[in-house]
Structures are given as structure tokens and as C-alpha cells.
Amino acid sequence: MRTSNYLLSTLKETPSDAEVISHQLMLRAGMIRKLASGLYTWLPSGLKVLRKVEQIVREEMDKVGAIEVLMPVVQPADLWQESGRWEQFGPELLRIKDRHERPFLLGPTHEEVITELVRKEISSYKQLPINLYQVQTKFRDEVRPRFGVMRAREFTMKDAYSFHLTEACLESTYQKMHQAYCNIFDRLGLEYRPVLADTGSIGGSTSHEFHVLAESGEDAIVFSDSSEYAANIEKAEALAPQTERPAAQKSLAKVATPNKHTIEEVSNTLELSPNQVIKTLLVVGADEEGQESGVVALVLRGDHELNEVKAEKFPNVFSPLTFASDEAIKEAANCSAGSIGPINLSVPIIVDHSAAYLADFACGANEDGFHFTGVNWDRDIQGYQVADIRNVVEGDPSPCGNGVLNIKRGIEVGHIFQLGTKYSEAMKAGVLTETGKHETLTMGCYGIGVSRIVAAAIEQNHDKYGIKWPTAIAPFQVCILPMNMHKSHRIPDIANNLYQELQQAGCEVLFDDRKERPGVMFNDIELVGIPHVIVIGERNLDEGVVEYKNRQTGDKETIKIDEVVNFIQSKLTA
RNA sequence: CGGUGAUUAGCGCAGCUUGGUAGCGCACUUGGUUUGGGUCCAAGGGGUCGCAAGUUCGAAUCUUGCAUCACCGACCA
């Protein structure tokens with residue numbers, strides 16, 4: 001490709017609404033342009049990268065026996081009513097109507113459609129197992145789209161769905177897919193980790209997420225420092241203290257804490273450390289049907305954070321987790337937020353293990369401007385349930401029993417689930433077995449955020465000049481930069497020849513034939529991040545050499561003109 | 001959804017307080033100059049100032065409503 005026939009579209013200045021580096025660089029390097037909130041046009045360079053990621057994903061899917069299909073973006077509502085998700089999904093499901101007023105939706109995922117397909121096409125155990133995948137546009141009407149294509153509303157995803165007769169068969173495919181995912185991220189050249197994960201709204205049992213490690217990641221992932229254990233913080237279990245709770249020493253006392261609401265204010269006033277104070281959070285409760293009903297108190301140590309995912313799992317806690325309104329707090333605790341405590345609180349109380357381990361602690365007095373000190377469980381508070389409802393923190397013991405936990409940030413780029421029969425049962429997808437018995441199918445589902453990977457790769461591979469693509473997904477592998485070609489009678493021939501030879505050798509090469517100053521060309525190419533650069537200038541031609549520059553390492557060397565093609569090929573296959 | 005802020009040329013911004021014929025930098029066009037790291041000089045094109053209503057002789061500027069965009073947001077119990 002010649003730049004004169006291409007749309008390079010680089011920007012000198014950083015658009016003001018881009019916060020994360022990948023978003024800034026994708027705009028500046030001319031990869032994407034925003035059309036509306038969370039909606040992006042892919043420009044030629046961006047699309048090339050996207051296609052390469054897709055291609056690697058396809059090749060690895062095909063290798064483990066998955067078969068490609070393509071399902072519609074627009075899906076009929078009745079399928080989602082059948083699975084129950086029409087009601088279950090919130091406003092992030094974009095619902096639309098056609099000209100006949102029939103309800104449809106823009107697919108955020110395709111479990112329903114694939115299950116509908118499979119229940120019609122698969123009727124015998126002999127056709128199992130089967131693993132179908134697609135690379136398709138998804139739409140999720142995110143509350144807050146941000147970070148460019150990292151959290152866009154419309155995005156490209158590879159989603160695969162496997163169907164089995166037995167759990168064991170599902171487990172086997174799940175392991176193959178796990179390995180395929182590792183192969184994909186290895187080939188992409190990214191630093192990543194598979195971690196144990198919560199299954200969220202998709203449902204199911206076993207689940208792993210694949211995270212690309214990056215400071216800007218939206219997820220916290222925890223690792224054991226001395227084992228293979230890794231999990232999303234949503235999922236990571238906080239172990240209960242192993243020793244006996246200390247005995248009560250102090251007696252209960254009510255102290256005035258006017259206008260002290262936060263844990264920090266209260267602990268400073270009482271001259272206690274935050275881990276000797278507990279906080280009591282009131283959330284909306286749930287009745288037996290899962291409908292909103294009353295409030296529930298969640299009690300945590302002052303220095304700990306609530307884990308919403310864990311809390312939501314309690315049947316008497318409303319899901320999604322919702323904090324009680326000021327009026328509901330007033331009614332339940334007879335005070336305002338900031339002074340709530342579990343003493344004489346007549347709502348269900350769930351206490352985190354580490355809060356339940358405290359003795360002689362402080363808590364709100366359910367009276368504005370007052371706290372209790374010297375509080376002790378059982379002596380002062382009865383009728384509570386103890387559970388794990390907090391986020392783990394660095395230094396906690398690992399749930400696997402070995403080592404302590406570290407926390408890093410990650411970008412979720414893949415997620416695999418063992419779904420079980422959630423959809424196949426709701427949608428009656430089954431086959432006849434060898435004995436002629438009807439059996440419900442067991443499902444797995446496996447997603448990869450293809451467009452998100454592009455952004456994640458940049459988060460991990462950039463410097464102050466721009467993007468440093470891993471060769472596997474660079475928009476071009478090689479760039480030819482002729483210095484002042486328009487003023488030279490030797491350079492045009494050499495550059496053109498090299499361009500043709502490299503193309504014939506199968507290289508993806510960008511030939512910068514613009515009539516630009518060298519500085520402009522260098523800066524653009526470094527911004528775009530092409531890994532291998534050949535600089536052709538008059539000053540080297542007398543020796544019959546050109547300069548090679550590596551974008552990743554910054555290394556330069558001179559190469560004889562007639563050896564360039566071999567040299568580049570060796571770099572690309574290395 | 002709540003809070004805050006923004007919306008003026010393709011991009012980044014000033015002008016608004018104190019109403020009076022719309023500016024700067026980058027980009028773009030033309031000519032010259034320069035030529036291995038975002039040259040310099042000159043000339044030029046491009047904006048119903050987000051939309052709608054109001055106040056006024058006169059509104060980018062003041063008022064109201066709407067729209068769009070961005071940032072922050074349970075951790076306070």
C-alpha cells in the first residue's frame with residue numbers, strides 16, 4: 001500500500017475526551033473515529049488490526065474443532081421471553097419494534113439464537129458434541145460507555161457455544177477451549193492471565209475470565225504469591241479467621257460523635273484504627289419471589305469493602321444489589337446514614353467474617369450523632385448471620401491454602417462458562433440418546449472481546465511516540481520510508497523496487513510516498529506503530545545500504561539493498 | 001439514574017464577567033523556502049457560535065427550556 005492511496009489520518013493533537021492511552025492513540029493513529037457515544041467507525045488501519053485479531057481467533061477455534069456460523073444481530077423478543085432474559089435483562093438490552101410493532105432486540109449475546117438453532121438441527125446423540133462459533137457485532141446499551149472501543153456499546157465479539165450429552169463431555173470441551181484461548185493470547189503476543197470468575201448474568205457454574213494485565217484495567221484480579229491460584233476479586237473468597245475471637249474486655253458505652261459519619265471521621269474521633277470500627281450498610285431486601293422487600297443490614301470491618309457479587313447471592317438480599325433510600329434507613333434504624341449499627345436493629349443482619357471476629361469494637365448507635373464503643377458480638381448483639389461478603393485485600397491468605405494474595409488490574413478480554421442446562425432446559429433443546437431416551441443438552445459458552453483486544457494490546461504496547469504493535473497484529477508489517485524521494489533520482493527506483501519485492505515475498509508493506517518532510521514521516525509511522533521500518537536515504541546509497549529500524553526495540557542497523565527482503569523475512573518468521 | 005462541567009472552523013481552544021459586524025494555534029489550498037526527526041515566509045478558503053424560545057434598537061455574550069458530549073458517583077452507613 002502506498003500512503004498516497006491510503007487513508008492514514010493521523011492527528012497531532014490528542015482529542016480532549018480520550019482518557020486512556022489506547023483510546024488516545026487509536027484516535028491519533030487514525031484507527032477509529034467516534035460516531036456517537038460508544039459507537040466507532042473503524043478506519044483502514046484499525047480495521048486491519050481488528051481483522052488480524054479475528055483471523056487468529058478463527059484459526060485457533062477451527063483447530064479445536066469449532067465450526068463457524070453467523071447469526072443475526074437483530075433477534076426476536078419471543079426467544080428471550082422463552083429463556084426468561086427479556087425480563088431479567090435491564091436497560092442495557094436495546095429493545096426495538098419493527099413496522100408491525102413486533103418486539104425485537106439488538107443482540108448483546110446469542111445464547112437464545114444458538115439454542116433455537118441447535119434444538120431444530122440437532123436431534124440425535126450421534127451429532128454431539130458440537131461447538132459452533134461466530135464473529136459478530138454485539139450491542140449493549142452501556143450505562144457509561146468509555147475508554148473508546150474498550151467499553152463501547154457496539155463491539156465485535158467472538159462467541160462460541162458447545163452442546164453435550166454429559167457434564168464430562170462439556171468439561172473436556174471446556175478444557176480444550178481454555179487451551180485454545182491461551183494459544184490465542186500467546187499468538188497475539190499479550191501478557192495475560194486466566195482467572196476464576198463469577199458467572200454473572202449469563203448463568204452457569206464453572207467459569208474463567210482471561211485478563212490482559214494493564215494498569216488501566218477496570219477489573220481487580222487477585223493472585224496467590226505461591227501457587228497458581230488467580231481469580232477476579234468478585235469471586236475471590238475471603239477466608240474466615242482461623243483463630244478464636246478475643247474475649248470481651250470492655251463494657252458497652254455510648255459516646256457522642258456529632259457530625260462524624262465516615263469511618264475515617266469516626267475512627268479519628270474515637271482514636272481507634274478503622275479496623276476496630278464496623279460499618280453497617282442497609283440494602284434492599286428480597287422476599288421469597290425475589291421481589292423487593294424491606295431492608296437487610298450488611299456489616300463489614302471499617303477498612304474493608306463490600307463485595308456486591310457475594311452479597312447479592314443471599315436469597316434475602318435483592319438482586320441487583322441496591323442501597324436503601326434515606327427514607328428506608330430512617331424507618332429501619334431511626335437515624336440517618338452514618339450512625340447505623342447492628343445493636344437493637346430489627347432487620348436481618350449479615351456480618352462479614354472479619355467483622356464478626358472483632359471484640360470491643362465501635363459501631364453506630366442508630367441515633368444521629370452517637371456511636372457505641374466496647375461493643376461485643378453475642379453479648380450486645382444477637383441474631384445475626386456470619387458470611388463472606390467483603391472484597392479480599394492484599395496480604396489476605398489465599399483461598400487455595402498456599403501463600404498470600406496480591407492484587408493487579410486487568411482488562412477482561414475473554415470469558416468461558418460451563419452453562420449447564422440453563423438455556424437448553426428453558427428452551428427445550430435435547431436429543432434422543434442411544435437408548436432412545438430424551439436428554440436435555442448441556443451447554444458451554446465462550447466469548448472473546450475482539451475489538452477490546454485491539455485496545456488492550458495498545459495499553460500493553462506503547463511508548464511516548466505511539467503504538468508498538470506486536471508483529472502478529474500490526475496493520476502493516478513493514479514500512480518503507482524514502483527520505484526526500486522527490487528530490488532524488490536514485491531513491492524512487494530503489495524504493496519502488498523494494499516495495500515490489502517485499503510484496504512479492506508476501507510482506508504487508510506500507511510505502512510512504514508522500515511528499516512530506518522526514519520528521520513528519522518518522523512521527524506518523526512511529527505513531528501508527530509499524531514494527532519494521534526501512535529508511536532509504538541518499539547518504540547511505542553510496543555504500544549500497546539502507547537503514548533498518550525496529551519499532552519495538554528501537555535498534556537500528558544498516559543492510560545491503562539486495563539483502564533487505566531476506567532480512568525482513570527472517571524478522572517476520574522469527 | 002444522580003452530581004459537575006462542556007458545546008464557537010476538520011481538531012485543540014480564546015472571546016461571554018461589562019451585549020455593538022467572530023478570533024488564535026494546528027490542519028487544508030496556492031506560491032516560495034527548507035530537506036535524515038512534526039522548517040520558515042507570504043497569500044487564501046472555511047463558522048446561521050448545539051437547538052428552540054425569550055429580554056433588547058442590537059445576543060456567541062443575559063434568561064428559560066431541550067438536546068448532545070464528557071468527567072465523577074454505594075464503600076456513607
Side-chain angles (χ1 to χ4, degrees), chain A residues 9-20 23 27-28 30 33-39 90-92 141-148 257 259-266 274 277-284 295-308 311 320-326 328-330 332-333 335-342 345 347 352 355 362-368 371 389-391 393 465-466 481-488 491 514-527 533 535-541 546-547 549 556:
Chain A
S9 275
T10 54
L11 302 174
K12 251 188 213 182
E13 291 176 280
T14 305
S16 59
D17 55 358
E19 310 169 68
V20 294
H23 188 194
L27 290 166
R28 288 225 293 137
R33 288 292 180 261
K34 183 169 75 175
L35 179 63
S37 180
L39 303 176
E92 76 173 24
D141 200 356
E142 293 281 351
V143 202
R144 211 176 134 196
R146 60 189 133 165
F147 306 151
T257 50
N259 296 317
K260 308 297 181 191
H261 303 294
T262 67
I263 287 296
E264 197 185 356
E265 289 165 353
V266 170
V277 181
I278 61 163
K279 53 186 172 190
T280 309
L281 289 78
L282 294 184
V283 299
V284 174
V295 298
V296 173
L298 305 175
V299 177
L300 294 159
R301 213 170 76 186
D303 57 329
H304 285 152
E305 286 182 13
L306 176 67
N307 181 311
E308 282 191 31
L321 192 86
T322 313
F323 279 80
S325 64
D326 289 345
I329 291 173
K330 188 83 192 165
C335 66
S336 59
S339 303
I340 310 175
L345 191 64
V347 301
D352 185 69
C363 68
N366 295 328
E367 184 177 340
D368 284 344
H371 279 72
I389 54 170
R390 71 172 171 99
N391 280 335
V393 295
Y465 302 109
L481 284 192
M483 299 291 98
N484 303 306
M485 180 166 68
H486 302 270
K487 289 285 172 64
S488 160
I491 295 174
R514 290 176 299 174
K515 196 178 172 182
E516 284 290 355
R517 292 177 53 81
V520 174
M521 295 167 120
F522 280 120
N523 280 299
D524 273 350
I525 292 314
E526 278 162 9
L527 177 59
V533 181
V535 183
I536 306 173
E538 279 287 342
R539 67 153 83 139
N540 285 322
L541 287 187
V546 294
E547 182 182 297
K549 190 170 173 185
K556 295 178 184 175

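Chain A is the first sequence line, chain B the second, and so forth, proteins listed ahead of strands; every chain is numbered from 1.
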Q. Under 4.0 Å between a Lys/Arg side-chain N and an Asp/Glu carboxylate O for A:Lys549 and A:Glu526?
A. yes

Could you tell me whether [X] contacts a base, only the sugar-phosphate backbone, or nothing, with contacts defined as non-hydrogen atoms closer than 4.0 Å?
| X | answer |
| --- | --- |
| A:Ser37 | sugar-phosphate |
| A:Leu11 | nothing |
| A:Asn540 | base |
| A:Val283 | nothing |
| A:Ile329 | base |
| A:Thr322 | nothing |
| A:Leu481 | nothing |
| A:Gly537 | base |

What's the gap between [N] and [M] when it is taken at their [atom1] atoms, as a whole Å value?
| N | M | atom1 | value |
| --- | --- | --- | --- |
| B:rG23 | B:rU48 | P | 15 Å |
| B:rU64 | B:rU17 | P | 15 Å |
| B:rG3 | B:rU21 | P | 39 Å |
| B:rA27 | B:rC13 | C1' | 14 Å |
| B:rG20 | B:rC49 | P | 15 Å |
| B:rA22 | B:rU30 | P | 29 Å |
| B:rC24 | B:rG46 | P | 14 Å |
| B:rU33 | B:rA14 | P | 39 Å |

Determine whether any donor atom in the side chain of [X] lies under 3.5 Å from an acceptor atom in the base of [N], or the reverse, and answer yes or no.
| X | N | value |
| --- | --- | --- |
| A:Asp524 | B:rG37 | no |
| A:Glu538 | B:rG36 | no |
| A:Lys549 | B:rG37 | yes |

**Q.** Check against side-chain contact (heavy atoms from CB on, under 4.5 Å), A:Thr14 and A:Arg28
**A.** CA-CA 7 Å; A:Thr14 305; A:Arg28 288 225 293 137; 3.8 Å; yes

Watson-Crick or G-U wobble mate for [N], both contacts under 3.5 Å:
| N | value |
| --- | --- |
| B:rC40 | B:rG32 |
| B:rC26 | B:rG10 |
| B:rG2 | B:rC72 |
| B:rA59 | none |
| B:rC66 | B:rG50 |
| B:rG45 | none |

Q.
If you apply the rule side-chain contact (heavy atoms from CB on, under 4.5 Å), what do you find for A:Cys335 with A:Ile340, and how did you get there?
A. CA-CA 7 Å; A:Cys335 66; A:Ile340 310 175; 4.0 Å; yes

If you check the [X] side chain, which of [options] turns out closest?
| X | options | value |
| --- | --- | --- |
| A:Arg28 | B:rG38, B:rC11, B:rA70 | B:rG38 |
| A:Arg146 | B:rG38, B:rA70, B:rC71 | B:rC71 |
| A:Glu305 | B:rC75, B:rG36, B:rC71 | B:rC75 |
| A:Met483 | B:rC69, B:rC71, B:rG36 | B:rG36 |
| A:Phe522 | B:rC71, B:rC69, B:rG37 | B:rG37 |
| A:Glu547 | B:rG36, B:rG38, B:rU39 | B:rG36 |
| A:Lys34 | B:rG38, B:rC69, B:rC75 | B:rC69 |
| A:Arg539 | B:rG38, B:rA70, B:rG36 | B:rG36 |
| A:Pro518 | B:rC11, B:rG37, B:rC75 | B:rG37 |

Protein-nucleotide distance ([X], atom [atom1]; [N], atom [atom2]), rounded to Å:
| X | N | atom1 | atom2 | answer |
| --- | --- | --- | --- | --- |
| A:Glu526 | B:rG36 | CD | P | 16 Å |
| A:Met485 | B:rU34 | CE | P | 20 Å |
| A:Lys12 | B:rU39 | NZ | C1' | 10 Å |
| A:His486 | B:rU34 | NE2 | P | 17 Å |
| A:Phe147 | B:rC69 | CZ | C1' | 16 Å |
| A:Asp17 | B:rC71 | CG | C1' | 11 Å |
| A:Lys556 | B:rG36 | NZ | C1' | 9 Å |
| A:His23 | B:rC11 | NE2 | P | 14 Å |

Q: Show your reasoning for whether side-chain contact (heavy atoms from CB on, under 4.5 Å) applies to A:Ile536 and A:Leu481.
A: CA-CA 6 Å; A:Ile536 306 173; A:Leu481 284 192; over 6 Å; no

Q: Enter the distance from A:Arg390:CZ to A:Asn307:CG here, rounded to the nearest 0.5 Å.
A: 10.0 Å

**Q.** Separation of A:Leu282 CG from A:Thr322 OG1 (nearest 0.5 Å)
**A.**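 Nearest 0.5 Å value for the OG1-CG distance: 13.0 Å.
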
Q. Can you find a heavy atom in the side chain of A:His304 that is under 4.5 Å from one in the side chain of A:Val393?
A.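 When only atoms from C-beta onward are counted, A:Val393 and A:His304 do touch, with a gap below 4.5 Å.
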
Q. Just wondering, more than 12 heavy atoms not from A:Glu264 lying within 6.0 Å of its CD?
A.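 At most 12 heavy atoms, drawn from other residues, nucleotides or ligands, come within 6.0 Å of this atom.
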
(Q) Please evaluate residues A:Leu298 and A:Thr280 with respect to the criterion side-chain contact (heavy atoms from CB on, under 4.5 Å), reporting the C-alpha separation (whole Å), side-chain torsions for both, the decisive distance (0.1 Å), and the verdict. (A) CA-CA 6 Å; A:Leu298 305 175; A:Thr280 309; over 6 Å; no

Q: Return the 5'-most residue of the pair A:Ser339, A:Glu308 with respect to RNA chain B, ranking by each residue's nearest nucleotide.
A: A:Glu308

